[in-house]
Amino acid sequence: MRDSDTDDAVSAALLPWYDRHARALPWRVGPEALADGERPDPYRVWLSEIMLQQTTVAAVKEYFHRFTARWPTVTALAAAQDAEVMAEWAGLGYYARARNLLKCARAVAADHGGIFPDTEDGLRTLPGIGPYTAAAVAAIAFDRPAGVMDGNVERVLARLFAVQTPLPAAKPELKALAERLTPGMRPGCYAQAVMDLGATVCTPRSPACGICPLITLCRARALGIAADLPRKTPKQAKPTRLGIVYLARRADGAVLLETRPDRGLLGGMLGWPGTDWAETAPQDNPPVPARWHDAGVEVRHTFTHFHLRLRVLLAEVTLDATPDRGAFHPRATFRPASLPTVMRKAWDVAAGAWREH
DNA sequence: GATGCGTGGAC
DNA sequence: TGTCCAAGCAT
């Protein structure tokens with residue numbers, strides 16, 4: 001039904017566009033170096049791809065710089081402490097990525113001599129590397145003709161071929177298209193070209209069809225439905241959950257924090273002791289007996305699947321206070337930036353209240 | 001296949 | 001304000 005001439009026309013139109021418009025990004029090597037046969041560092045490609053999962057380039061850049069400055073190689077990262085890595089990842093979200101990042105670095109160091117596997121199948125066996133990331137690293141770092149499929153590619157291909165099936169049901173069909181369109185020449189550039197196109201031209205809302213290199217090939221454009229694709233099955237509304245966090249400040253300035261369990265929400269991250277978060281009013285459950293008082297300002301935060309409204313309770317405790325959970329962290333070494341964002345918001349409320357007195 | 005898992009920016 | 005969305009993965 002779709003002939004290979006059309007397939008070739010896609011990469012033939014996209015690669016020159018990419019050569020002109022490719023963004024200079026910290027994990028990319030320049031076009032001249034690439035033309036000389038130089039390849040990007042697989043460690044940097046892998047690290048960037050993990051950070052970019054469901055995350056924008058703008059949000060990733062600073063984190064990428066900090067990680068590569070602190071841990072320049074996969075071997076260096078493998079030797080890092082868990083808490084160091086989690087603290088450095090704080091604020092970026094999806095914290096299972098950070099836990100798997102470290103597992104993956106240690107597996108590469110221990111089982112692969114510090115060298116990343118250079119095939120899609122080899123990469124796929126590593127923690128945190130799924131179908132997308134295996135294909136992306138294989139294509140970008142090792143120039144393998146892997147069919148890269150992410151949200152951008154889904155959108156670009158759904159429009160290019162006017163796929164009307166809603167996501168996620170359309171994924172197999174789109175994956176097959178992605179495999180077939182991937183060219184044998186410069187597959188790494190091609191993969192990045194499709195994703196760049198999706199990020200900058202073939203955007204979810206108001207696609208810039210007027211400057212699109214694929215405009216003459218695009219069926220959705222011809223039908224006048226580009227902005228309506230891809231179709232998606234509607235999502236469930238988010239419920240609102242309620243909770244309480246307890247911020248205890250000791251007489252020497254130390255603050256009471258606990259490391260959350262490795263699995264689940266904010267797994268492995270530091271946080272303030274608190275109640276469960278549920279749709280019913282929380283049961284008061286302070287970590288240490290004290291004169292707790294309400295900070296008066298609620299923290300509001302939205303996670304992937306629920307809204308949260310958090311009461312913030314504050315207390316000053318004495319040097320001999322013995323909490324039933326968590327541990328005091330000296331104020332000199334405690335960095336609010338090492339907290340996940342919802343916990344940092346609670347800190348901001350407490351710090352404001354304490355500054356008043 | 002469905003669900004759980006963060007965050008910040010655009011509109 | 002709310003909603004949608006981003007270079008997904010694990011279970």
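Letters A, B, ... are given to chains in the order of the sequence lines, protein chains preceding strands, and every chain is numbered from 1. Everything numeric here is computed off the predicted structure, so don't read it as measured data.
Of the candidates B/dG6, C/dG8, C/dA6, the closest approach to any side-chain atom of A/D150 belongs to C/dG8. With C/dC5, C/dG8, B/dG8 as the candidates, the nucleotide lying closest to the side chain of A/T341 is B/dG8. Of the candidates C/dA6, C/dT3, B/dT7, the closest approach to any side-chain atom of A/H307 belongs to C/dT3. Of the candidate nucleotides B/dG6, B/dT7, B/dC11, B/dC11 has the atom lying nearest to any side-chain atom of A/R205. Looking at the side chain of A/F303, the nearest of the listed nucleotides C/dA6, B/dG8, B/dT7 is B/dT7.
Separating the CD atom of A/Q236 from the P atom of C/dT3 is a distance of 14 Å, rounded to the nearest angstrom. The NZ-C1' distance, from A/K235 to B/dG4, rounds to 14 Å in whole Å. If you take CG of A/L339 and P of B/dG6, they are 14 Å apart, rounded to a whole angstrom. Regarding A/K232, its NZ atom lies at a distance of 7 Å from the C1' atom of C/dC5, rounded to whole Å. Between A/R300 atom CZ and C/dG2 atom P the separation is 7 Å, expressed in whole Å. Per the geometry, CG belonging to A/L52 stands 11 Å off C1' belonging to C/dG8, to the nearest Å. Atom CD1 of A/I50 and atom P of C/dA6 are 19 Å apart (whole Å). As a whole-Å value, the separation of A/Y95 OH from C/dG8 P is 17 Å.
When A/R309, A/K345, A/H307 are each tested for a side-chain hydrogen bond (donor to acceptor under 3.5 Å, both in side chains) with A/H301, only one passes: A/K345.
The closest donor-acceptor contact from the side chain of A/R99 to the backbone of A/D262 lies under 3.5 Å. Judged purely by atom type and a 3.5 angstrom limit, A/R331 uses its side chain to pair as donor or acceptor with the backbone of A/F334. A/T133 places no side-chain N or O within 3.5 Å of a backbone atom of A/G130 that could act as its donor or acceptor partner.
Residue-level contact check: A/K103 touches neither bases nor backbone, having no heavy atom under 4.0 Å from any strand. Across all strands shown, A/R23 has heavy atoms under 4.0 Å from base atoms, whether or not it also approaches the sugar-phosphate. Here A/R241 lies out of heavy-atom contact (under 4.0 Å) with every strand. Using a 4.0 Å heavy-atom criterion, one finds that A/L308 contacts no nucleic acid atom at all. Heavy atoms of A/R155 sit under 4.0 angstrom from primed sugar atoms or phosphate atoms, though from no base atom. Using a 4.0 Å heavy-atom distance criterion, A/G91 is classed as a sugar-phosphate-only contact.
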For this session: Take A/F64 and A/F67 through the ring pair (Phe, Tyr, Trp, His ring centres under 6.0 Å) test and state the conclusion after the steps.
Result: CA-CA 5 Å; A/F64 183 83; A/F67 266 74; 8.9 Å; no
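Connection of A/W27 to A/Y63 is established within a shared hydrophobic cluster, with ILVMFWY side chains joined at heavy-atom distances below 4.5 Å, either directly or through further cluster members.
Residue A/T304 is the one, among A/T304 and A/A59, whose nearest nucleotide of DNA chain B lies closer to the 5' end (criterion: closest heavy atom). Residue A/K345 is the one, among A/K345 and A/S206, whose nearest nucleotide of DNA chain B lies closer to the 5' end (criterion: closest heavy atom).
Ion pairing of A/R39 with A/D118 is absent here, as no side-chain N (NZ or NE/NH1/NH2) approaches a carboxylate O to less than 4.0 Å. Using a cutoff of 4.0 Å between basic side-chain nitrogens and carboxylate oxygens, A/R106 and A/D82 are scored as salt-bridged.
To the nearest whole angstrom, the two P atoms, one in C/dT11 and one in B/dG6, are 14 Å apart.
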Collect all protein-nucleotide pairs involving nucleotides 9-11 of chain C in which both atoms are nitrogen or oxygen and the distance is under 3.5 Å.
{"unit_1": "C/dC9", "atom_1": "OP1", "unit_2": "A/G130", "atom_2": "N", "d": "2.8"}
{"unit_1": "C/dC9", "atom_1": "OP1", "unit_2": "A/G130", "atom_2": "O", "d": "3.4"}
{"unit_1": "C/dC9", "atom_1": "OP1", "unit_2": "A/T133", "atom_2": "N", "d": "3.0"}
{"unit_1": "C/dC9", "atom_1": "OP1", "unit_2": "A/T133", "atom_2": "OG1", "d": "2.8"}
{"unit_1": "C/dC9", "atom_1": "OP2", "unit_2": "A/P131", "atom_2": "N", "d": "3.4"}
{"unit_1": "C/dC9", "atom_1": "OP2", "unit_2": "A/Y132", "atom_2": "N", "d": "3.2"}
{"unit_1": "C/dA10", "atom_1": "OP1", "unit_2": "A/G128", "atom_2": "N", "d": "2.5"}

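With hydrogens and angles ignored, no donor-acceptor pair under 3.5 angstrom links the side chain of A/T302 to the base of C/dG2.
Within the cation-pi definition used here (under 6.0 Å to the ring centroid, within 45° of the axis), A/R186 does not qualify as a partner of A/Y190.
Distances shorter than 4.0 Å separate none of the side-chain N or O atoms of A/H305 from OP1 or OP2 on B/dG4. Considering only side-chain N and O atoms, A/Y94 lies nowhere under 4.0 angstrom from the phosphate OP1 or OP2 of C/dA6. Taking side-chain N and O atoms only, A/H301 has a distance below 4.0 Å to OP1 or OP2 of B/dT7.
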